[in-house]
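Report on one structure; see the data block that follows.
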Amino acid sequence: AYCKTIKQMEMAEEKRGIWLNFPECTPEDGEQVVVKLNGLYEILVYNEYHSCWDDSEGDDYCCELSCVDKFLRIPKE
């Protein structure tokens, strides 16, 4: 169900053009965003200090900044 929700978000946001190009736009340091990584949608945390993407908890290194070219902000409730 969770993956379906992300896919639905992506389709809706893609229609409105809200996927942002990285690195032209950058999330806030520590912000969780949706990215497409290796063909899968994932929630990652932007780590400006260490110049990398962390896992969804923001604790562990996930990948280099260059692995992501677009991201989608997660709406705050």
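The model shown is predicted, which means the values in this text are computed figures rather than measured ones.
Cluster annotation: I74 and I18 are assigned to the same hydrophobic cluster (Ile/Leu/Val/Met/Phe/Trp/Tyr, side-chain heavy-atom contacts under 4.5 Å, transitive).
The OG atom of S66 lies 9.0 Å from the CZ atom of F22; values are rounded to the nearest 0.5 Å. How far CD of E48 is from CG of L65: 9.5 Å, rounded to the nearest 0.5 Å.
Residues satisfying the side chain to side chain contact (heavy atoms under 4.5 Å, CB included) test with C62, not counting sequence neighbours, are L37, L44. Checked against side chain to side chain contact (heavy atoms under 4.5 Å, CB included), C25 has the following partners two or more places apart in sequence or in another chain: L20, F71. Looking at residues two or more places apart in sequence or on another chain, you find no side chain to side chain donor-acceptor pair (under 3.5 Å) involving E57. Residues forming a side chain to side chain contact (heavy atoms under 4.5 Å, CB included) with S56 (at least two apart in sequence, or on another chain): Q32, I43.
Residues W53 and E64 share a closest heavy-atom pair of CD1-O, 3.3 Å. The nearest pair of heavy atoms linking C52 to C63 is CB-O, 3.5 Å.
Residue pairs meeting the salt bridge (Lys or Arg N to Asp or Glu O under 4.0 Å) criterion with at least one member in residues 24-33, sequence neighbours excluded, are E31-R73.
Within the 4.5 Å cutoff, the side chain of V33 has no heavy atoms near those of the Y46 side chain.
By the neighbour-count criterion of 12 heavy atoms within 6.0 Å, atom CG of D59 is densely surrounded, having more than that number from other residues, nucleotides or ligands.
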